[in-house]
Peer 1: 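Supplied in structure tokens, the structure appears directly below.
By convention in this document, chain letters (A, B, ...) are assigned in the order of the sequence lines, proteins followed by strands, and residues within each chain are numbered from 1. All values below come from the heavy atoms of this structure, side chains included, with hydrogens, waters and symmetry mates left out.
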2 protein chains.
Amino acid sequence: MKADSNPCALPASKRESGDDRRIAVAKAARQIIVEKGLEGLRTRDIAARVGINIATLHYHVPTKEALVALVAESIRDDFRVQAMRHPRVGKTGLEQLYMEFDDFREATREMPEVIIILTELVERARRDATVAEIVLPMHRFWRSRFEDIFRLGIADGSFRPDLDPEAGAMITTGALSDSWRRPDTSPSMIEQALAELERAFIRKS
Amino acid sequence: MKADSNPCALPASKRESGDDRRIAVAKAARQIIVEKGLEGLRTRDIAARVGINIATLHYHVPTKEALVALVAESIRDDFRVQAMRHPRVGKTGLEQLYMEFDDFREATREMPEVIIILTELVERARRDATVAEIVLPMHRFWRSRFEDIFRLGIADGSFRPDLDPEAGAMITTGALSDSWRRPDTSPSMIEQALAELERAFIRKS
DNA sequence: TGCCCACTCAATCATTTGATTGATTGAGGT
DNA sequence: ACCTCAATCAATCAAATGATTGAGTGGGCA
């Protein structure tokens, strides 16, 4: 029996339930995408990493297209968990912005690979409608969240009255995802950017 | 003789100079990258589009890696031409920011495909040192240009005294390239973002 | 004229790669 | 004990793909 990288549940069984296999496949695929990009994703490599035969892989995930969609769904699930972690009710706009920034810091720290995969998926979304349908809503959701924060913050006096919530959200998500994506961005530079974003939108006394 | 898509110079000759061929190859490769992505780039397709044999292609560009590097250089050249078009001397920080914004509008209008290819190249730069060496300096150059503008603008009173030039440049280039890259960004949204960037950094009277 | 060499092509190779086929295994139900 | 079927694998296919080989071809120069 090959390397059992998932030492939980029932290691005694040679068979896995279909769901567990699909999860394992998604995980392996994500690792390979991080290492070699979507371009370098090979069904054989995934099967090898999971420790199953190529045919078995095809049994669980019929085509490569479905496999990419599976990865996209997996990323979306992670994103949702991350987004729903901290409740926002009853906070001011500025407080919520701080929370959103903290979530971003946490994400860069704890799941840095997600944005790498996400970038590749967004790239592919231009040509793959299935992926687009899964991935683009994620970014829209993230952006709309900043929009809401800015609207609230304008109303409660946290932010400039002349702040355009849509544009502010676009700038913020754009700047954050771009700085996250780039290989030459240091953590301290991200902190600089976050601080500057705050100054850019905050209401000056 | 197949489709001569380049009706200039010397259509009477069956031979092209090596340089012309390489240019034609780069052009064809760029088209294909726009259509199918770097992942879908095939030497055969390039050769077919240029109207030459695969072996001839390999004669001019020895390997696929060299081909990608050629495309990267080609993009860099376009970028340089675009960047150097308008002289900046003797303007205030705000005026230069306007000019930079105009250049950006012009780029999105007249060479929208460049950012698509550039994004793919940046993506690949994480794994390909050759491409990284060509592509990453471009972004650094663009960013440093905004840095200079912000420094000047702080000194001449255009921008907020508490503006961090580095962070501002990061935010600006990040927001612009991200909004340019996304397939669901309309021109009016870019205008909104540009206007908001101005409000974000400008000195309030 | 004759040679050199940049340039070009048809044919072919060696791998890679997504997918399929047909047989086998074993857990759970009756 | 027997049956069923999800799950698994070895073997193989067909197409795609980057690269090479070897044979020209013609313009320019001695």
Side-chain angles (χ1 to χ4, degrees), chain A residues 1-6 9-26 28-29 32-33 35-71 124 127-128 130-131, chain B residues 1-6 9-26 28-29 32-33 35-71 124 127-128 130-131:
Chain A
M1 200 170 298
K2 17 242 121 156
D4 192 322
S5 57
N6 184 14
L10 307 168
S13 171
K14 207 185 284 182
R15 301 269 178 100
E16 288 285 345
S17 92
D19 246 13
D20 290 344
R21 272 282 185 257
R22 283 175 64 88
I23 291 172
V25 166
I32 295 174
I33 291 174
E35 290 166 20
K36 310 185 189 177
L38 253 179
E39 186 179 356
L41 185 65
R42 298 286 172 263
T43 54
R44 275 172 174 74
D45 296 343
I46 299 169
R49 193 160 303 206
V50 176
I52 58 175
N53 189 280
I54 317 163
T56 307
L57 178 65
H58 273 89
Y59 173 79
H60 292 288
V61 186
T63 68
K64 198 182 181 184
E65 196 187 333
L67 186 98
V68 174
L70 175 69
V71 170
R124 167 163 296 210
R127 276 165 266 121
D128 186 330
T130 310
V131 173
Chain B
M1 198 173 302
K2 15 240 121 160
D4 192 322
S5 57
N6 185 15
L10 308 170
S13 171
K14 209 185 283 182
R15 300 270 180 98
E16 290 285 344
S17 93
D19 247 13
D20 289 344
R21 273 282 185 255
R22 284 174 63 87
I23 291 172
V25 166
I32 294 174
I33 291 173
E35 291 165 21
K36 309 185 190 178
L38 252 180
E39 185 180 356
L41 186 64
R42 299 287 173 263
T43 54
R44 277 172 173 74
D45 296 344
I46 299 168
R49 195 162 301 208
V50 177
I52 58 175
N53 188 280
I54 317 164
T56 307
L57 178 65
H58 272 89
Y59 173 80
H60 293 287
V61 186
T63 67
K64 198 182 181 184
E65 197 187 333
L67 186 96
V68 174
L70 175 68
V71 171
R124 169 164 295 212
R127 273 164 268 122
D128 186 331
T130 311
V131 172

Peer 1: How long is the line joining NE2 of His58(A) and C1' of dA6(D), in whole Å?
Peer 2: 18 Å
Peer 1: How would you summarise protein contacts on nucleotides 12-17 of chain D per nucleotide, using B for base, S for sugar-phosphate only and - for none, with heavy-atom distances below 4.0 Å?
Peer 2: -----B
Peer 1: How many Å lie between CG on Leu57(A) and C1' on dT20(C), as a whole number?
Peer 2: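 The answer, rounded to whole Å, is 14 Å.
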Peer 1: In terms of side-chain heavy atoms of His60(A), which of dC9(D), dT20(D), dA7(D) is nearest?
Peer 2: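 Nearest nucleotide to the side chain: dA7(D).
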Peer 1: Just how far, in rounded Å, is P of dC9(D) from CD1 of Ile52(A)?
Peer 2: 7 Å
Peer 1: Got a second to check how far Leu67(B)'s CG is from Arg22(B)'s CZ, nearest 0.5 Å?
Peer 2: 9.0 Å
Peer 1: Output the single nucleotide from dC9(C), dC9(D), dA6(C) whose closest atom is nearest the side chain of Asn53(B).
Peer 2: dC9(C)
Peer 1: Which heavy atom of Glu35(A) sits nearest to which heavy atom of Arg127(B), and what is that distance?
Peer 2: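 For Glu35(A) and Arg127(B), the tightest heavy-atom pair comes out as O-CD, 3.3 Å.
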Peer 1: Measure the spacing between CG of Leu57(B) and OG1 of Thr43(B) and express it to the nearest 0.5 Å.
Peer 2: 6.5 Å
Peer 1: Work out which heavy atom in Ile32(B) is nearest to a heavy atom in Gly40(B); give both atom names and the distance.
Peer 2: CG2-O, 4.1 Å
Peer 1: Using atom CD1 of Ile46(B) as one end and atom P of dT8(C) as the other, report the distance to the nearest whole Å.
Peer 2: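 Roughly 16 Å, once rounded to whole Å.
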Peer 1: Closest heavy-atom contact between Arg21(A) and His60(A)?
Peer 2: CG-NE2, 3.5 Å
Peer 1: Over how many whole Å does the gap from Glu39(A) atom CD to dT17(C) atom C1' extend?
Peer 2: 14 Å
Peer 1: Any idea which heavy atoms bring Ala24(B) and Val50(B) closest together, and the distance?
Peer 2: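 Reported closest heavy-atom pair: O-CG2, 3.8 Å.
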Peer 1: In whole angstrom, give the distance that lies between atom CZ of Arg21(A) and atom C1' of dC9(D).
Peer 2: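 Taking atom C1' of dC9(D) as the reference, CZ of Arg21(A) is at 12 Å.
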Peer 1: So which nucleotide from dA6(D), dC9(C), dG18(D) ends up closest to the side chain of Tyr59(A)?
Peer 2: dA6(D)
